[in-house]
Protein chains: 2
Amino acid sequence: MMNYISMLKEHGLKATFQRMHILEVIGECGHKDIDEIYAEVIKIHPSLSLATIYKNIIIMGQSGVLSEVPVVGKKSKYEIVKADHIHLICTHCGSIEDKHTSIDSENLLDQLAASEHFNLDKKEINLYGTCGHCQNIKAS
Amino acid sequence: MMNYISMLKEHGLKATFQRMHILEVIGECGHKDIDEIYAEVIKIHPSLSLATIYKNIIIMGQSGVLSEVPVVGKKSKYEIVKADHIHLICTHCGSIEDKHTSIDSENLLDQLAASEHFNLDKKEINLYGTCGHCQNIKAS
DNA sequence: AAAAGTAACGATAATCATTGTAATTTATTC
DNA sequence: GAATAAATTACAATGATTATCGTTACTTTT
Ligand SMILES: [Mn+2]
Ligand SMILES: [Mn+2]
Ligand SMILES: [Zn+2]
Ligand SMILES: [Zn+2]
C-alpha cells in the first residue's frame, strides 16, 4: 500500500479520485492494459469515462508516475514506476511477473551503451515463455 | 542481400511478389512499422494494398519469418527473424540499432528463467536513450 | 463566503487503425 | 497450360484513440 496523493503531487499533478482509482488498480494488480484498468475501475466508480483513463495514462506517463510495458502481440501494459527490473511474460496466460534481481547484466548493458556512445536512459528486459503454472496445465 | 523466395517457402508460404517487396524493405531498412513499410513499398508497387501488408505481417510473424519489436510510445516495428540481439533505441530520432554482442548476460537470463521454472522462449533487451548523432545535435 | 479562474472530467463526435468480406487474380502442382 | 488452392484488392465494418466542449470540482482572490 502506498500514498498515491503525495505521489501525484510530487509529480505536479492534481490528486483527483479518478487518478487515485487508476493508481490503486495498477498498484494492486501490477501490469494492466487500458481495458483492464477501465473494467476494474468502473466497478468502484461506474461513471468514470474511458477517455479519462486514456488522458490520465498519458499524463501520468509523461510525469513519470507510470511506465508503459509494450508486449509482443498485445496492448501495452502500464505499471507504477519503480526500480529497473526484469519481466517474465507468459505467452499462454498473459501473466507478467517482476523480477527485481540485482543481476549483474545491468552493468554489462551499461558498459555496452557506454562503448557505443549511447546515452542510456532506460533498460528494458522482457523474457517471453511459459510460466510454471501453464507448464503444469499442459502436462496434465 | 538474401534469397527471400526460399526463406518464404521454407516456412510454408507462397512467394508472392508482394511478400518479396515487404521483405526487401524490412531487410534493407532494418526496423520499420506498418506505415513505413507501406510508404516504401508503394514506391515500387503502387497498387499494393495496405490490407495486404497487415495480413502478411501477421502471417509472416506467425510463420517465424518476421518478428515484432514493440517500442514504448510508438507503433511496433518489424524485422527479419535473426539471432537474439540487443536494441539501442534513440528516443529522439527513433533510430533502432542492432547489437549482436555475445554478451554474457544471456546466460544469466537463462539461469534466472530456469531458477523460476520459467520455460524461456525469447529474450528481449531494449536500451532506450540518446544516440551519438542526436547528442551531437543537442550540443551544437 | 461569494465570485472568478483554472484544471480536470464526462459524453460523445471525429479520427485513425485494424480486420473482415467477396470478387478477382496469382502461384503452384500436375 | 489447365486445375486448384491461396493470396490480393477494394472497400466495408469494426475497434481503438483522440478531440471537443459543456459541466464540475478545486483554488485563489475579493
Ligand atoms: Mn514490472
Ligand atoms: Mn533488431
Ligand atoms: Zn502462464
Ligand atoms: Zn538519435
Side-chain angles (χ1 to χ4, degrees), chain A residues 4-26 32-63 65-66 68-78 94, chain B residues 3-26 32-66 68-78 94:
Chain A
Y4 296 127
I5 295 178
S6 54
M7 183 185 292
L8 286 165
K9 291 194 172 168
E10 282 166 14
H11 289 86
L13 296 175
K14 276 194 183 177
T16 67
F17 59 94
Q18 287 89 347
R19 287 174 186 163
M20 306 285 280
H21 284 312
I22 294 171
L23 289 178
E24 276 163 18
V25 167
I26 299 177
K32 291 278 177 206
D33 68 26
I34 294 270
D35 300 323
E36 292 165 341
I37 294 164
Y38 180 62
E40 277 301 313
V41 121
I42 60 172
K43 289 180 184 173
I44 298 166
H45 184 153
S47 70
L48 201 156
S49 165
L50 179 57
T52 296
I53 300 203
Y54 273 101
K55 289 171 196 163
N56 278 309
I57 290 291
I58 291 172
I59 203 169
M60 290 194 283
Q62 292 170 338
S63 307
V65 176
L66 295 182
E68 180 187 348
V69 182
V71 178
V72 170
K74 305 257 183 185
K75 284 187 169 187
S76 285
K77 314 290 182 186
Y78 298 90
Chain B
N3 184 353
Y4 295 126
I5 294 179
S6 54
M7 183 186 291
L8 286 165
K9 292 193 171 167
E10 283 166 13
H11 289 86
L13 297 175
K14 276 192 181 180
T16 67
F17 57 94
Q18 289 87 347
R19 285 173 185 164
M20 307 285 280
H21 284 312
I22 294 171
L23 288 178
E24 277 162 19
V25 168
I26 299 176
K32 291 279 178 206
D33 68 26
I34 294 271
D35 300 322
E36 292 165 342
I37 294 165
Y38 181 61
E40 277 302 313
V41 122
I42 60 173
K43 288 180 184 172
I44 299 166
H45 184 154
S47 70
L48 201 155
S49 164
L50 179 57
T52 296
I53 302 206
Y54 273 101
K55 287 166 191 163
N56 278 310
I57 289 291
I58 291 172
I59 203 169
M60 289 194 282
Q62 292 170 340
S63 307
V65 175
L66 295 183
E68 179 186 349
V69 182
V71 178
V72 171
K74 305 254 183 188
K75 284 188 168 185
S76 285
K77 314 290 184 186
Y78 298 90

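The analysis underlying the following values was restricted to heavy atoms, covering all of them including side chains, and did not include hydrogens, waters or symmetry mates. Quick note on labels: first sequence line is chain A, next is B, and so on, each numbered from 1.
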- Base, sugar-phosphate, or nothing for B:Ala15, non-hydrogen atoms under 4.0 angstrom? sugar-phosphate
- Note on the structure: Between CD1 of B:Ile58 and C1' of D:dA7 the distance, given in whole Å, is 14 Å
- Given C:dG10, D:dA7, C:dT26, which nucleotide is nearest the side-chain atoms of B:Thr16? D:dA7
- Please state whether the base of C:dT21 and the side chain of B:Lys55 form at least one donor-acceptor pair under 3.5 Å? yes
- Query: Side-chain contact, heavy-atom cut-off 4.5 Å: A:Arg19 with A:Val65?
  - Reply: no
- Task: Take atom CG of A:Leu50 and atom P of C:dA13, then tell me their distance rounded to the nearest Å.
- Result: 15 Å
- Note on the structure: Rounded to whole Å, the CG-P distance (B:Asn56 to C:dT19) equals 13 Å
- Starting at atom CZ of A:Phe17, determine the distance to atom P of D:dA25, rounded to an integer number of angstrom. 8 Å
- Rounded interatomic separation in angstrom, taking NZ from B:Lys9 and C1' from C:dA27: 8 Å
- Item | Nucleic acid contacts of residues 35-45 of chain A, taken as heavy-atom distances under 4.0 Å to DNA chain D | none
- Message: Between P on D:dT17 and CD on A:Glu68, what's the gap in Å once rounded to a whole number?
- Response: 10 Å
- Task: Mark yes or no for whether B:Glu68, through its side chain, and A:Gly73, through its backbone, hold a donor-acceptor pair below 3.5 Å.
- Result: yes
- Under-4.0 Å salt bridge between B:Asp33 and B:Lys74: no
- Query: Which whole-number value in Å describes the distance from A:Lys74 NZ to C:dT18 P?
  - Reply: 17 Å
- Between B:Ala51 and B:Lys14, name the one whose nearest nucleotide on DNA chain C is closer to the 5' end. B:Ala51
- Item | Any A:Thr52 side-chain nitrogen or oxygen under 4.0 Å from OP1 or OP2 of C:dG10 | yes
- Just checking, any donor-acceptor pair under 3.5 angstrom between side chains of A:Thr52 and A:Gln18? no
- Query: For the residue pair B:Phe17 and B:His45, does the interplanar ring angle fall in the parallel (under 30°), tilted (30 to 60°) or perpendicular (over 60°) class?
  - Reply: parallel
- Residue pair B:Gln18/B:Tyr54 against DNA chain C: nearer the 5' end by closest nucleotide is B:Tyr54
- Rounded distance (nearest 0.5 Å) linking atom NE2 of A:His21 with atom NZ of A:Lys43: 14.0 Å
- Message: Output the rounded distance in Å from CD1 (A:Ile53) to P (D:dT18).
- Response: 14 Å
- Look at all strands and tell whether A:Ile34 reaches a base, only sugar-phosphate, or nothing, counting heavy atoms closer than 4.0 Å. nothing
- Query: Could you go step by step and tell me if B:Glu24 and B:Tyr4 meet the side-chain contact (heavy atoms from CB on, under 4.5 Å) rule?
  - Reply: CA-CA 8 Å; B:Glu24 277 162 19; B:Tyr4 295 126; 3.6 Å; yes
